[in-house]
Amino acid sequence: MSEPLSTDFIHEIVTEDLAAGKCPDGVVTRFPPEPNGYLHLGHAKAICVDFGVATDFGGRCRLRFDDTNPTRENQDYVDAIERDVRWLGFEPDAPVRFTSDYFEQLFQWALALVDRGRAYVCELSAEDLRLHRGSLSEPGRDSPWRDRSADENRRLLLAMRAGDFPEGSRTLRAKIDMAAPNLHLRDPVMYRILRASHHRTGDAWSVYPSYDWAHGQSDAIEGVTHSLCTLEFEDHRALYDWFLTALDIERRPRQIEFARFNLSHSVMSKRKLKRVVEEGLVRGWDDPRLPTLAGLRRRGCPPEAIVSFCEGLGVTRRESMVELARLDHAVRERLNLTAPRALAVLDPLKVVIDNVPEGEVRWFETAVNPEDPAAGMRRLPFSREIYIDRADFMLEPPPKYHRLSPGTEVRLRSAYILRCDHVETDPSTGAVTLLHGSIDPDSSGGQPADGRKIKGTIHWLSAAHALPAEVRLYEPLFTAADPEATDDADLLAAVNPESLTVIERAWVEPNLADAAPGERFQFERVGYFAVDPDSGADGLVFNRIVGLRDSWSKAVARG
RNA sequence: UGGGGGAUCGUCUAACGGUAGGACAGCUGACUCUGGAUCAGUAGGUCGGGGUUCGAAUCCCUGUCCCCCAGCCA
């Protein structure tokens, strides 16, 4: 608490509430996902806000599953969501809660409202109910069932619970005002009859509470002080407050809304996400190109980077389009400090070093991570035949090209200075097929004895020691900056056809032989990569998390 | 159209009547055994129009644009 608190408007409100003595038992918040889908970056921000506010004020944050709709929810999602929250690094105040834990209390409260004449059983069909609601500009009309006696309503509500009526035939509605300009106040539905088995309560219920009826009361039951949610619930706040008042609830939670964000070149709406998965545009909910937490995890994004990204976004009531570069930056910032380095050649070109005897192996020591001396050293084998990346050689180099070309020198990272002596090309295509070169024997470790400056340093691998690996390169899933704004019909056309490039046979240094799924590395001069769970007996599979910044290719692109 | 919200560098975000600042992205340069990292520098903004004030991003009036709401989803 000695650290300066964030200055966003939610922190200001909570500070005021605390000063006014409104939270005698401390600040309590909650993250309330519906277990009907996978968490994504948007949820990550909500999680950071919910947990962050609680932590900043020395309070608690709970994880509560808003499981009021058994037709769309299931235990698999519950497990996946809880795993994702913990993976991000947050520890919910035990135990994990469920709105379904409060079904009985909620029902008793509904009965109380019925008795007070504040709720009634309505027999309008879904269609008729819609017709009675009016429109944006016209008031609604009262339901013909609006003025039943409290006794009759109680009897009917109990019968609804008992399962005496068919699904959809009746609802319990709050009796508020069918002419209210806020549509949510036009006698909203509190209970609907659903003949569905619930993942926790089984077949115990045949009526299920609506979000509006359940949410605020669940907050109240749990002693939540600040119920943080996104902007689209703003109009619901009047109803949230109406229920608390109608029930005479004393310790009132306060709903505060903040803005979601959009990520450029990405989609986060549940519907569009579902679409790209179901249309087979990606390989599943954990596809590394998706902004789902499962996808980001598989891609190799460290959770700390995701949290740092979210925290850097700020909390406001303004809609925003966050550039993907922001996420990339957070990932690089984290990985630069923590990822062990490795040499990997994605597009190999063989070089025979004529002044190194066949069969001889020389070993070089180099840092695991120059940014982290504590990470120690690693050993690299060097021999007569090596691979370098094709991009590091040019027959006719442009100005300022610091890499290898006929007759020039370059440093092989941590090993020797190499000169290119001879180039073999395919006579029919002109393509370079093999290089011959020689090393400066007085440059062992990479430092020439005469102190001459070598501008370029490239990565390499001893051909005899290199490990084959599959490498998957990812680009944004969408070419359009704002695919969320495209029509569903055009969504497929907005997909980037080159979002995935698979390199079947790349080479990595032998130290990676035992790398386990999830481990992250920086392939020097190339980017950050993580071991994919597809790795196995057939070999290693790497996902590119994000490339390194590359001012050379930018310069080339500029011309 | 009724109601509820929102407009500050390209992007995100500060400034709460007193010098419009930071971050990301961009550009320059320095340094470098990663053309990475790091460091230094640079460019770039208050939605429009009125008004109040010594002074307005901030207060008032007015206009414009954008988002959300007509599920027995959350």
Side-chain angles (χ1 to χ4, degrees), chain A residues 7-8 12 32-34 36-37 66-69 71-73 122 124-126 129-131 133-140 167-173 179-186 188-194 207-208 210-212 214-215 229-238 257 259 261 264 270 312-330 332-333 336-337 341 343 366 370-371 400-403 411-415 417 443 445-447 454-459 481 522-527 547-556 558:
Chain A
T7 56
D8 64 70
E12 286 176 5
E34 181 188 13
N36 76 336
D66 220 339
D67 55 351
T68 57
N69 187 350
T71 65
R72 336 205 305 178
E73 300 152 1
C122 178
L124 250 22
S125 67
L129 194 142
R130 184 176 64 78
L131 263 17
R133 188 155 28 229
S135 71
L136 293 181
S137 49
E138 292 162 314
E167 180 163 314
S169 65
R170 285 165 179 76
T171 56
L172 180 73
R173 296 222 267 160
N182 179 345
L183 266 29
H184 297 284
L185 260 19
R186 320 245 260 226
V189 169
M190 295 169 62
Y191 277 100
R192 72 278 211 199
I193 300 173
L194 246 32
V207 290
Y208 290 92
S210 63
Y211 163 85
D212 285 307
H215 202 90
C229 62
T230 43
L231 244 33
E232 67 270 25
F233 291 102
E234 210 161 355
D235 290 345
H236 296 246
R237 191 173 62 235
E257 313 85 17
F261 69 95
S264 75
K270 206 166 266 182
L313 257 27
V315 182
T316 66
R317 294 172 66 85
R318 220 182 288 157
E319 263 130 58
S320 60
M321 170 63 71
V322 176
E323 290 175 344
L324 205 49
R326 240 354 231 273
L327 214 211
D328 291 347
H329 175 262
R332 289 193 191 103
E333 189 176 48
N336 178 46
L337 265 27
R341 311 288 130 122
L343 298 186
T366 192
E371 299 289 329
K400 293 188 184 163
Y401 185 78
H402 299 157
R403 309 174 191 182
R411 175 168 22 243
L412 297 176
R413 174 74 160 159
S414 307
I417 305 303
S443 64
Q447 205 57 257
I454 303 296
K455 264 293 203 181
T457 298
I458 65 172
H459 52 282
Q522 183 200 95
F523 290 173
E524 290 199 80
R525 303 209 312 133
V526 181
L548 251 27
R549 287 184 71 217
D550 184 357
S551 54
W552 171 245
S553 73
K554 252 187 289 193
V556 170
R558 273 201 307 276

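By convention in this document, chain letters (A, B, ...) are assigned in the order of the sequence lines, proteins followed by strands, and residues within each chain are numbered from 1.
Heavy atoms of A:R317 sit under 4.0 angstrom from primed sugar atoms or phosphate atoms, though from no base atom. Using a 4.0 Å heavy-atom distance criterion, A:R173 is classed as making no nucleic acid contact. Looking at heavy-atom distances under 4.0 Å, A:Q522 makes contact with a base. A:H402 comes within 4.0 angstrom of a nucleotide base, judged by non-hydrogen atoms across all strands. If you check every strand for non-hydrogen atoms under 4.0 Å, A:F523 touches nothing. A:L124 comes within 4.0 angstrom of a nucleotide base, judged by non-hydrogen atoms across all strands. Residue A:F233 is classed as a base contact, given a heavy-atom separation below 4.0 Å to a base. Heavy atoms of A:S135 sit under 4.0 angstrom from at least one base atom. A:Q447 comes within 4.0 angstrom of a nucleotide base, judged by non-hydrogen atoms across all strands. Using a 4.0 Å heavy-atom cutoff across all strands shown, A:T171 reaches at least one base atom of the nucleic acid. Using a 4.0 Å heavy-atom criterion, one finds that A:T316 contacts the sugar-phosphate atoms exclusively. Among the heavy atoms of the strands, none lies under 4.0 Å from A:T71. In this structure, A:E371 reaches the bases: a heavy-atom distance under 4.0 Å links it to at least one base atom across the strands shown. No engagement by A:P139 is indicated, since no non-hydrogen atom pair under 4.0 Å with the nucleic acid exists.
Residue A:E232 contributes atom CD, which lies 15 Å from atom P of B:G6 at whole-angstrom precision. In this structure, the CD atom of A:E323 is 6 Å from the C1' atom of B:A25, given to the nearest Å. Put simply, CG on A:L136 is 13 Å from P on B:G4, counting in whole angstrom units. When the C1' atom of B:C67 is taken as reference, atom CG of A:L231 falls 8 Å away, rounded to whole Å. If you take CZ of A:R318 and C1' of B:C65, they are 16 Å apart, rounded to a whole angstrom. In this entry the distance linking CZ of A:R170 with C1' of B:C72 reads 14 Å, nearest Å. Summarising the geometry, the separation between CZ on A:R549 and P on B:G35 is reported as 13 Å, rounded to the nearest angstrom. The CG-P distance, from A:L548 to B:U32, rounds to 19 Å in whole Å.
The ring of A:H215 does not lie on top of the base of B:A74; it is either too far (5.5 Å or more) or too tilted (30° or more). In this structure, A:W552 counts as stacked on the base of B:G35 under the 5.5 Å centre distance and 30° plane angle limits.
Between A:S125 and A:E524, the residue whose closest nucleotide on RNA chain B is further toward the 5' end is A:E524. Ranked by how close their nearest RNA chain B nucleotide is to the 5' end, A:E319 and A:D8 are led by A:D8.
Applying the 90° criterion around 0 to the glycosidic angle, B:G49 comes out anti.
For A:R326, counting side-chain heavy atoms from C-beta on, the closest listed nucleotide (B:C12, B:U34, B:G2) is B:C12.
Taking the six-membered ring where the residue is Trp, A:Y211 and A:H236 present perpendicular rings, their angle passing 60° and hence far from 30°.
Using a 4.5 Å heavy-atom threshold, the side chains of A:R170 and A:Y191 count as separate. You'll find the side chain of A:P370 reaches within 4.5 Å of the side chain of A:R341, heavy atoms only. A heavy-atom distance below 4.5 Å is not found between the side chains of A:L343 and A:F523. Between A:V189 and A:L172, the closest side-chain pair of non-hydrogen atoms is not below 4.5 Å. A heavy-atom distance below 4.5 Å is not found between the side chains of A:D8 and A:T316.
Using C1' as the reference atom, B:A56 and B:C60 are 11 Å apart when rounded to the nearest Å. Of the C1' atoms belonging to B:A43 and B:G51, the separation is 34 Å, rounded to the nearest Å. As rounded to the nearest Å, B:G22 and B:A14 have P atoms that lie 15 Å from one another. Separation of the P atoms belonging to B:A57 and B:A15 is 15 Å when rounded to the nearest angstrom. B:C16 and B:G35: their P atoms are spaced 45 Å apart (whole Å).
Contact annotation: A:R558 reaches the phosphate of B:U28 (side-chain N/O to OP1 or OP2, under 4.0 Å).
Remark: the A:H236 side chain and the B:A74 base include a donor-acceptor N/O pair separated by less than 3.5 Å. For A:R403 and B:G35, a side-chain-to-base donor-acceptor distance below 3.5 Å is present, hydrogens and geometry of angles not being considered. No donor-acceptor contact under 3.5 Å links the side chain of A:N182 to the base of B:G4. Side-chain to base pairing of A:E234 with B:G6: no donor and acceptor N or O lie closer than 3.5 Å to each other.
In this structure, A:E323 has no side-chain hydrogen bond (donor to acceptor under 3.5 Å, both in side chains) partners at least two apart in sequence or on a different chain.
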Under-3.5 Å N/O pairs linking protein and nucleotides 15-19 of chain B:
from: B:C16; atom 1: N4; to: A:E12; atom 2: OE2; distance (Å): 2.6

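With the 3.5 Å cutoff on both pairing distances, Watson-Crick and G-U pairs in RNA chain B assemble into runs of at least 3 at B:2-7 with B:64-69, B:10-13 with B:21-24, B:26-30 with B:38-42, B:47-51 with B:59-63.
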